[in-house]
Amino acid sequence: MRGADALWLLLPELTADRVMGANRLLLREVPAPHENINGYLARLALLNHLKGPKQILTSALGGAPAFIDYVDVPRLADFCRLHPEEMSHCSGLLIREKGQPSRWQVCGQMISKGPFLTGAHTRICPACLSEHSHVRGLWSLSLYAACGIHGCSMVDACIKCGRRVLWKRYAVDYCLCGHRHASTPLLPSSDSSRVLAELMEMQIGQRTRLDVTAGISEGILAHLSLLDLDELCRAVWFFGEYLPLLEGYGKAAHHTRLDQDAASSLIQEAVHVLSDWPARFANRLESSTTRTLLVGTGTFSLTDALLGPVDRFLQHDLQAPGFDFIRAYYDQHIRSIWKSLGRRHRQRFDARQLELDWDQ
């Protein structure tokens, strides 16, 4: 089992008095497939004439946390007159297990890093809202900058008053100023943002093929199509955020959530590299070999000195089999650096590189 099906085993059993409790909503409605939990609660609050999802959360859980914890699903579901399994598949739930990093459930899959999520503010697709008034799970992802169904750009602010779109708003389809988001004019998206969005839609079964390729070869698209949502985010983050650090060495990577413009720029950089694979990847890595090294100072290995956070992210976050096409070219680059260095520099390579067969 994977995703919500496996996590369901972690939930505590409901007692009979909680199931039959009287302190519950009057009207119930089952979440849509892959619906975001905050968007669902906003719809449910409106249906029951309450002042937004915060009132539901406060009544059911005693507070309104930034993220709803998976273990609170039974209490929240009971208050909403649902069976826990009807709510446990919602996107946006926080998963915390002892001794493990926090994860977030999105469309039945696990997202490993907070910056991959949009945070307190979200984005919407006006075309989607005009067809069904619920918040789709993929809108939780900070790198979902275009709608993979309609091809338009996602919207992160009200066109009437300029307010950023909040997760915990009173109504899914309306801004606080009264503007209906579904009436917002559609804006074109870049091919870069669109191809990533379509890959994400394919991953959750909402598309069977891509309409755009953004210049990426069929071979690389085949590799990307095998990655799950979290792996797609990791790959794009690596190419769009970490790889450019080689040209501005010493700059730190973003560890905060991205707004729409920053997400679009990051995606565009990643797709730019992938659209001429592996030449542009090699060119980015090549910039590391021209960096002046202070030989004999510090305790870092040469991979740390030359490639810094790029190497660390690749070794820590890109170890799944689906990333083999990236690591193969990366290790080839490491091998070429090692061969070009003198004996004194070679001794400073870390154990991972020394284990490779350099003579092949």
### Message
For R96, I'd like to know if atom CZ has over 12 heavy atoms of other residues, nucleotides or ligands within 6.0 Å.
### Response
no
### Message
Checking H132 against E35: is there a side-chain donor and acceptor pair closer than 3.5 Å?
### Response
no
### Plane angle bin for Y329 and W277 - parallel if under 30°, tilted between 30 and 60°, otherwise perpendicular
perpendicular
## Note on the structure
Between D173 and the options H181, R180, H179, the side-chain hydrogen bond (donor to acceptor under 3.5 Å, both in side chains) test singles out R180
### Side-chain ion pair, D211 and R194, N-O less than 4.0 Å
yes
### Message
Is there a side-chain contact between V172 and H134 in this structure, where contact means two heavy atoms from C-beta onward sitting under 4.5 Å apart?
### Response
no
### Query
Strictly by modelled atom types, are E97 and Y70 linked by a side-chain donor-acceptor pair under 3.5 Å?
no
### Query
Is the gap between the ring centers of F239 and F281 under 6.0 Å?
yes
### Message
Assess the residue pair E241 and E269 against the criterion (side-chain contact (heavy atoms from CB on, under 4.5 Å)); give the C-alpha distance rounded to whole Å, side-chain angles, the decisive distance to 0.1 Å, and a yes or no.
### Response
CA-CA 8 Å; E241 179 66 21; E269 173 64 27; over 6 Å; no
### Task
Check whether the side chains of S91 and R136 place a donor and an acceptor atom closer than 3.5 Å, and report yes or no.
no
### Message
Can you tell whether the side chains of D324 and R327 come within less than 4.0 Å, N to carboxylate O?
### Response
yes
### Query
Run the side-chain contact (heavy atoms from CB on, under 4.5 Å) check on D156 and D261 step by step: do they pass?
CA-CA 10 Å; D156 65 351; D261 291 339; over 6 Å; no
### Message
Would W139 and N36 count as a side-chain contact (heavy atoms from CB on, under 4.5 Å) here? Give the steps.
### Response
CA-CA 8 Å; W139 299 357; N36 179 272; over 6 Å; no
### Query
So, are D230 and K113 salt-bridged, with charged N and O less than 4.0 Å apart?
no
### Query
Of C147, S130, S153, which meets side-chain contact (heavy atoms from CB on, under 4.5 Å) against C125?
C147
